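I have placed the structure first, in the form of structure tokens, so that the comments after it can refer back to it.
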Protein chains: 2
Amino acid sequence: MGRTQTFDTGEVVRAARGVFWKHGYEAASVPALEAATGLRRSSIYNAFGSKRGLFDAAVASYLDEIVRPRLEPLKAELPAPNAILDYLHGLRTGLEQAGSFTSANGCLLINTAGAPIADDATVRDTVAAYRAELREAIGNGLRRHLADVPADQVERLTETCTALVVAAYALTRVDNASALSSIDTALDLIDRA
Amino acid sequence: MGRTQTFDTGEVVRAARGVFWKHGYEAASVPALEAATGLRRSSIYNAFGSKRGLFDAAVASYLDEIVRPRLEPLKAELPAPNAILDYLHGLRTGLEQAGSFTSANGCLLINTAGAPIADDATVRDTVAAYRAELREAIGNGLRRHLADVPADQVERLTETCTALVVAAYALTRVDNASALSSIDTALDLIDRA
DNA sequence: ATATTAGTAGAACGATCATTACAAAAACGA
DNA sequence: TCGTTTTTGTAATGATCGTTCTACTAATAT
């Protein structure tokens with residue numbers, strides 16, 4: 001067979017992911033992606049087909065390497081009683097570290113959901129699936145934490161908390177103070193339930 | 001003196017505002033602005049200097065014609081006791097009307113706050129001033145509505161409600177269900193206070 | 001009426017965009 | 001070592017971006 005790939009695909013996708021994350025799909029220029037990945041146009045197009053292909057790979061890697069690990073504790077068959085609180089506190093401290101890349105740039109998926117690329121049906125589906133996954137995890141954590149609270153009340157609280165978490169992510173790039181307030185509100189509501 | 005302007009500036013700005021509102025600053029192309037305003041490039045550049053100049057005019061008109069009228073009842077010296085509830089309910093029903101332009105496209109300023117144009121210092125300042133104005137109005141309405149609630153508690157609630165309103169706007173283009181949830185949470189928190 | 005001023009129309013500019021084409025170089029299997 | 005396969009480097013493509021230039025038209029003041 002011929003020559004084997006010299007670059008590490010995972011690493012390249014991670015580098016590209018950072019560019020998409022920071023600037024959004026449309027503002028992430030191919031030259032910028034070249035600089036970040038260290039690859040030339042030809043290699044990128046050969047490996048991923050298009051800018052869009054690279055973006056899809058970046059989103060997949062985002063879900064696998066960033067989102068799912070963070071939700072892991074909540075998705076367990078029987079989560080720890082305070083897993084939901086740990087999750088929210090983790091989010092909060094993340095938001096407080098202004099220097100952190102993740103906190104400064106919010107969530108890749110929610111960022112793209114508000115951008116022109118979101119007109120694409122596939123992207124819409126991905127974002128919707130992500131929100132459902134988030135909601136399911138939060139619901140699971142809440143049911144465990146509030147075992148003695150009526151189910152329908154927990155259900156409503158799940159919806160609210162999901163909205164607040166999504167809001168916090170949506171707000172990180174807009175107004176960090178509001179983002180923190182969203183998380184605090186969620187914690188407060190759980191505390192009172 | 002020479003010829004006088006034949007088009008109505010206010011109307012042109014409103015038309016351009018719609019394009020910026022829907023597509024964002026960077027995705028609003030000059031041809032699209034020409035089509036919406038009915039003006040040619042030359043007239044636009046003659047009247048507003050640049051695409052950015054037209055955008056600034058659009059933002060100013062947005063504040064004057066959309067934002068401030070809506071906040072008016074809250075900014076009065078002594079607002080109606082339920083002015084804050086009316087405001088939030090108005091927001092909510094707006095969000096429910098999926099066909100409405102305003103609801104479908106959220107808030108022009110908050111949309112731009114999450115876009116690349118937000119790197120511009122002037123735009124940042126405008127957005128920050130807008131948030132302060134919103135917060136002040138909400139605080140005024142809450143103080144009147146919750147006259148017998150401790151001041152520091154009202155203060156905290158003001159911060160939270162402002163965050164939730166900003167979140168609702170930020171979410172309209174991302175996830176309408178979350179946006180509605182944000183408003184409901186605000187109403188719920190006021191109800192409990 | 002005439003000179004002046006400003007609005008209008010449309011072409012043209014340079015820059016940048018994503019993408020493709022093509023030739024040279026490099027690494028594998030045999 | 002040789003042929004194959006893929007990567008790589010560079011150039012070129014066509015489209016679109018925001019902006020500018022120039023000629024022309026229209027309306028006002030004298």
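Chain letters run A, B, ... following the sequence lines, proteins first, then strands; residues in each count from 1. As the structure is a prediction and not an experimental result, all values here were calculated from the model.
- The side chain to side chain donor-acceptor pair (under 3.5 Å) test applied to A:S50 returns no partner, not counting sequence neighbours.
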Could you go through nucleotides 18-21 of chain D and list every protein N or O atom that sits under 3.5 Å from one of its N or O atoms, giving the distance for each pair?
residue	atom	partner	partner atom	Å
D:dG18	OP1	B:A28	O	3.3
D:dG18	OP1	B:K51	NZ	2.5
D:dG18	OP2	B:V30	N	2.9
D:dT19	OP2	B:Y45	OH	2.5
D:dT19	OP2	B:K51	N	3.0
D:dT19	O5'	B:Y45	OH	3.3
D:dT19	O4	B:R41	NE	2.6

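- Between B:S43 and C:dT8 there is a side-chain N or O to OP1 or OP2 distance below 4.0 Å.
- For the helix from C:dT8-D:dA23 to C:dA30-D:dT1, the axis fitted to the five pairs at one end and the axis fitted to the five pairs at the other end meet at an angle of 10° (nearest 10 degrees).
- Rounded to whole Å, atom C1' of D:dT28 lies 15 Å from atom CD of B:Q5.
- Here C:dG7 presents its P atom at 14 Å from CG of B:D8, a figure rounded to the nearest Å.
- Distance A:I44 CD1 to C:dC17 C1': 14 Å, rounded to the nearest Å.
- Protein atom CD of A:E34 is 10 Å distant from nucleotide atom P of D:dG9, rounded to whole Å.
- Atom CZ in B:R40 sits about 16 Å away from atom C1' in D:dC24, given to the nearest Å.
- At least one side-chain heavy atom of B:N140 sits less than 4.5 Å from a side-chain heavy atom of B:R143.
- By the 4.5 Å heavy-atom criterion applied to side chains, B:V13 and B:F48 are counted as neighbours.
- Taking only side-chain atoms of A:N46, from C-beta outward, the nucleotide of C:dC28, D:dT7, D:dT8 with the closest atom is D:dT7.
- In this structure, the side chain of A:H145 does not engage the main chain of A:G141 through any donor-acceptor pair within 3.5 Å.
- By the 30° and 60° cut-offs, the orientation of the rings of A:Y25 relative to A:F55 is perpendicular.
- Considering CG of B:D152 and CG of B:L157, their distance stands at 11.5 Å, rounded to 0.5 Å.
- Distance alone, capped at 3.5 Å, places no donor-acceptor pair between the B:R173 side chain and the B:N105 backbone.
- A:N111 places no side-chain N or O within 3.5 Å of a backbone atom of A:G24 that could act as its donor or acceptor partner.
- Of the charged side-chain nitrogens involved, at least one lies within less than 4.0 Å of a carboxylate oxygen, so that B:E96 and B:R92 count as a salt-bridged pair.
- Distance, A:L33 CG to C:dC17 P: 11 Å, rounded to whole Å.
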